[in-house]
Amino acid sequence: MKNPKKFANELSAWYQQHKRDLPFRTTHEPYHIFLSEMMAQQTQMDTLIPYFNRFIKTFPTIEALANAPTQQVLKAWEGLGYYRRAKYVHESAQAIMNHHDGNFPTDLQALLALKGVGDYTAAAIHSIAFNKPSIAIDGNVARVTARLFAMHDDILKTTTKKKMKTYLEPLMKASEPRIFTQAMMELGALVCQKEPRCASCPLKTHCTAYQTNQQHRLPNRSSLKAKQEETYFVFVIRIGDQVVLRQRPSEGLLANMYEFIQYRSTNLNDGLIQLANDIEGPIKDLKSLGTIKHVFTHKIWHLKVILVDATSTPHKTYHLKTFPYAMSKAHRKIIDLMHE
DNA sequence: AAGCCGGGGGG
DNA sequence: CCCCCAGGCTT
């Protein structure tokens, strides 16, 4: 980059003029920046905004969050996905109360020590909340940077991110840190998208990909692994006006989430045999509600949903309408199916 | 370095 | 329907 100061000024001017009004941009309050960045991991902005607003309303301070019950925090995260993040956010709030006197740590190493806070999130908090010159590379910044310097490296590799940091350092040094971080991300979100809008880009005179007409071929990324497919029979067991739900194990996929009873099987008879092991008394009035396909990062669920009536069960039953605990999206789709 | 961990949007 | 997107932890 020939003129970092010019770059910084032009990027900053663009940002001030075009930045979106986002609920966590009304302040530099570290708790708000932290929460928004945790929610932003692997999640699109439009999805997280209502979650952010509800979360701050329910848990207005780090202290309120730290003192909240686990299931209430998980419920506030319900539908956002990657539920370990909810656990980490809760644990980090408790660590801040217990080890930092309730004050958000300002030191990069202390930020990295918080659960769920990695290189990206630590640098984002460090720069946005505390205006320190740490370089945060998320998917948006990686795309912008790959084009800016016409990098053909795989943007998912950690070595590529290190290389990007060395390229971005002079630009960060010439900038107001919190502006640089947010402006780079905003440019990626609004202009330097997968389909680049170079005509309205403030950086096109600095962009090597644009100058050499490679912007549509960048960035490079490695392809994803094939997903494993699994079929389950899900039994929605009605007892009066209640349904049977159970809680998943505390580790692994959808940890601690509630769900209808499901058994891995491609065959209804086999599913019913497994069900008969868990339920006492007759199982009757089987009615198929259809099949739900649910795609995770690394696997695909095919859920064959069967509505049944039973007279007794060793499981707990709940009213779905007032159910206070978190359920996965896959099983909330089943509730929708019941109302069709 | 590779595998595990959800959900949403666009074509 | 299929394809694309995207951080951190663990091993």
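In the text below, chain A, chain B and the rest are named by the order of the sequence lines, each starting its count at 1.
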Go through C:dC4, C:dG8, B:dG8 for me and flag the one nearest to the A:Lys329 side chain. B:dG8

Tell me whether the OP1 or OP2 atom of C:dT10 has a side-chain N or O from A:Lys115 closer than 4.0 Å. yes

Ignoring the backbone of A:Arg84, work out which of B:dG7, B:dG9, B:dC5 is nearest its side chain. B:dC5

So, A:Gln242 and A:His319: side-chain donor and acceptor under 3.5 Å apart, yes or no? yes

Between A:Gln44 and A:Gly252, who's closer to the 5' end of DNA chain B by nearest nucleotide? A:Gly252

For A:His298 and B:dC4, is the shortest distance between a side-chain N/O and OP1 or OP2 below 4.0 Å? no

Less than 3.5 Å between a donor and an acceptor, one on the side chain of A:Thr297 and one on the base of B:dG6, is that the case here? yes

Quick one: is B:dG7 close enough that its OP1 or OP2 comes under 4.0 Å of any side-chain N or O from A:His294? yes

Looking only at atom C1', what distance separates B:dG7 and C:dT10, rounded to whole Å? 22 Å

Under 3.5 Å, is there a donor on one side chain and an acceptor on the other for A:Thr43 and A:Arg85? yes

Which part of the nucleic acid does A:Asp46 contact within heavy-atom distance under 4.0 Å: base, sugar-phosphate only, or nothing? nothing

Sugar-phosphate, base or nothing in reach of A:Leu254, heavy atoms under 4.0 Å: sugar-phosphate

A:Thr43 side-chain proximity, nearest of C:dC9, B:dG6, C:dG7: B:dG6

Using OP1 and OP2 only, check whether a side-chain N or O of A:Arg221 sits under 4.0 Å from C:dA6. yes

Whole angstrom is fine here: how far is it from CG in A:Asn140 over to C1' in C:dG7? 13 Å

In terms of heavy-atom contacts, does NZ of A:Lys227 have more than 12 from other residues, nucleotides or ligands at under 6.0 Å? yes

Choosing from B:dG7, C:dG8, C:dC5, which nucleotide comes nearest the side chain of A:Phe296? B:dG7

Do A:Asp153 and A:Thr160 have side-chain N/O donor and acceptor atoms under 3.5 Å apart? no

For B:dG6, give the paired nucleotide (Watson-Crick: N1-N3 plus N6-O4 or O6-N4; G-U: N1-O2 and O6-N3; both under 3.5 Å), or none. none

For atom NZ of A:Lys227 and atom P of B:dG3, their distance in whole Å: 13 Å

Using whole Å, what does the distance between atom C1' of nucleotide C:dC9 and atom CD of A:Gln42 come to? 12 Å

Need to verify one output field. Residue with the more 5' nearest nucleotide on DNA chain C, A:Ala40 or A:Leu112? A:Ala40

Going by distance alone, is a donor N or O of one side chain under 3.5 Å from an acceptor N or O of the other, for A:Arg197 and A:Gln193? yes

From the set C:dC5, B:dG7, B:dC5, return the single nucleotide nearest to any side-chain atom of A:Tyr83. B:dG7

Looking for any heavy atom pair under 4.0 Å, which part of the strands does A:Tyr82 touch: base, sugar-phosphate only, or nothing? base

Between B:dG6, B:dG9, C:dG7, which nucleotide has the shortest distance from any of its atoms to the side chain of A:Thr121? C:dG7

Residue from A:His294, A:Gln262, A:Glu230 passing side chain to side chain donor-acceptor pair (under 3.5 Å) with A:Trp301: A:Glu230

Which nucleotide in the list B:dC4, C:dG7, B:dG8 gets nearest to the side chain of A:Lys225? B:dC4

From C-beta outward on A:Leu253, which listed nucleotide comes closest to its side chain: B:dC5, C:dG8, C:dC2? B:dC5

Rounding to a whole Å, what distance do you find between A:Leu156:CG and C:dA6:P? 8 Å

Return the value, rounded to whole Å, for the distance between atom NZ of A:Lys157 and atom P of C:dG8. 18 Å

Rounded distance (Å) that lies between atom P of C:dA6 and atom CZ of A:Arg143: 5 Å

Does a donor on one side chain sit under 3.5 Å from an acceptor on the other, for A:Glu63 and A:Thr61? no

Would you mind classifying the nucleic acid contact of A:Val295 as base, sugar-phosphate or nothing, using non-hydrogen atoms under 4.0 angstrom? base

Counting only side-chain nitrogens and oxygens, does A:Lys299 get under 4.0 Å of the OP1 or OP2 atom of B:dG6? no

As a test of reading the structure: which of C:dC5, B:dC5, C:dG8 is closest to the side chain of A:Asp119, going by heavy atoms? C:dG8

Please give the distance between the P atoms of C:dC4 and B:dC5 as a whole number of Å. 23 Å

